[in-house]
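Below: the structure, in structure tokens.
Chain naming here is simple, since letters A, B, ... match the order of the sequence lines and numbering starts at 1 in each. Since the model is a prediction, treat every value here as computed from it, not as a measurement.
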Protein chains: 2
Amino acid sequence: MRPEHPKTKTDILEKAIPLFAKSGFSGVSMRQIAKAIGMNAASLYHHFPDKQTLYVQAVQQAFASREFVLSEVLSMKIPVQEKLRLFVKRICDFMIDDPDFSRLIHREMLDGDGDETRLQLLADQVFHNFFSTVISLANELASDKDPHLLAMSIFGLIAYHYQTTPIRLFLPGAKPEHNDSEIISNHVISLLLQGLESKGNLK
Amino acid sequence: MRPEHPKTKTDILEKAIPLFAKSGFSGVSMRQIAKAIGMNAASLYHHFPDKQTLYVQAVQQAFASREFVLSEVLSMKIPVQEKLRLFVKRICDFMIDDPDFSRLIHREMLDGDGDETRLQLLADQVFHNFFSTVISLANELASDKDPHLLAMSIFGLIAYHYQTTPIRLFLPGAKPEHNDSEIISNHVISLLLQGLESKGNLK
DNA sequence: GTCTATAAAGGGATAGAC
DNA sequence: GTCTATCCCTTTATAGAC
């Protein structure tokens, strides 16, 4: 019986992405990837010369298939605070929609350290457009602050709440609703817009 | 010739910590650890029953040997903004002083996902005291905001700038001084205290 | 407490049939 | 394009000498 569903490169990469996101490059074997796809490990070598190449292409595909589209928000005729609100909500939705994506980013920042081509890929394919847009907004919002640092703060503030989701329940003061995207985005927006000075806590 | 410097468990763990911080559990072999120490891989099994145990104890040691001491700041007779300043500066110093520590935290949040005992360890040994103190400060600073979310935001805001250090140079608007701890802590403090409203950017 | 030697399993990768 | 079979190396872990 001949195989009924020959697998394309894309099919293979799609199945490999969640595995690499969960366990990293050295935590996943070619045999495991093959098993997840339902094919033999040897067949993977028909599509990719080696594991490293498969991995890099999986990361590329994960990064290319999703895009932070924020630039349209930037050109809307709405107050800049409203733009910030939309930015934050979109980034939050993004984190929820594709947890593998943010895990891979997270992992590449850890594992890619020292490998400049991997970091460059991450920077160019994932961050560049997105980050430029956040920088533009940062300039509109607070021209006196360093735009790069401010953009990083905005993104990091959101990303960290999602990164820490698994451990949150074990931390003091945690409540189930702290994992709710609406709650997180409202918290981030109010912190960014008002800082800690709301309601006259500080004199 | 007898071995001149019998190694203690602690010696072994100290050498293993940076390796695991750099490459993760499955990225480091017992041989590599043994080599770093200057002993034979088989000898490691005299001190630890298996690799998993060695890893867990290395993480425990890394987490136990350093502590965020912030509680004394909390009881100082200074304005709450000054307490925040001290908190942020200390956390920044911490990130700089022991990059392995923050890499391990970072890694455990990724790899410990699904393993409740590992996350519990991280939460209890690393975060509990520290996080409780930040929550107390958060209450002093802005009693109208959720203390847990605010504590997470304060820590995440700082941690993210250090997490992204390796990739920062590839991102738009990056300058060498963005890796300077003084610059980062000043940025974070001003963002937290003033939000984006400084100098009347927003009406 | 450390070593050499080795077992047993799993890893990446290739050859060749279909 | 996928399979079986296999090579060769590395890995974890153990046994036993010193």
Any A:Met95 side-chain heavy atom under 4.5 Å of A:Phe101 side chain: no
Separation of D:dT14 C1' from B:Phe48 CZ (nearest whole Å): 18 Å
With sequence neighbours excluded, residues passing ring pair (Phe, Tyr, Trp, His ring centres under 6.0 Å) with B:His178: A:His148
Spacing between B:Gln52 atom CD and D:dA13 atom C1', to the nearest angstrom: 15 Å
Sorted by number, the residues of residues 32-47 of chain B with heavy-atom contact under 4.0 Å to DNA chain C: B:Met39, B:Asn40, B:Ala42, B:Ser43, B:His46, B:His47
D:dT11 OP1/OP2 closer than 4.0 Å to side-chain N/O of B:Ser29: yes
For atom NZ of A:Lys51 and atom C1' of D:dC9, their distance in whole Å: 14 Å
Euclidean distance, atom CZ of residue B:Arg31 to atom P of C:dC3 [Å, nearest integer]: 13 Å
Ionic contact status for B:Arg107 with A:Asp111, cut-off 4.0 Å: yes
Stepwise salt bridge (charged side-chain N to carboxylate O under 4.0 Å, His left out) check, B:Asp113 with A:Lys22: CA-CA 9 Å; B:Asp113 194 3; A:Lys22 185 173 190 337; over 6 Å; no
Heavy-atom donor-acceptor pair, A:Ser23 side chain to A:Phe20 backbone, under 3.5 Å: no
N/O donor-acceptor pair under 3.5 Å between A:Arg118 side chain and A:Glu108 backbone: no
Gap between atoms CD1 and P, on B:Ile12 and C:dG1 respectively (whole Å): 10 Å
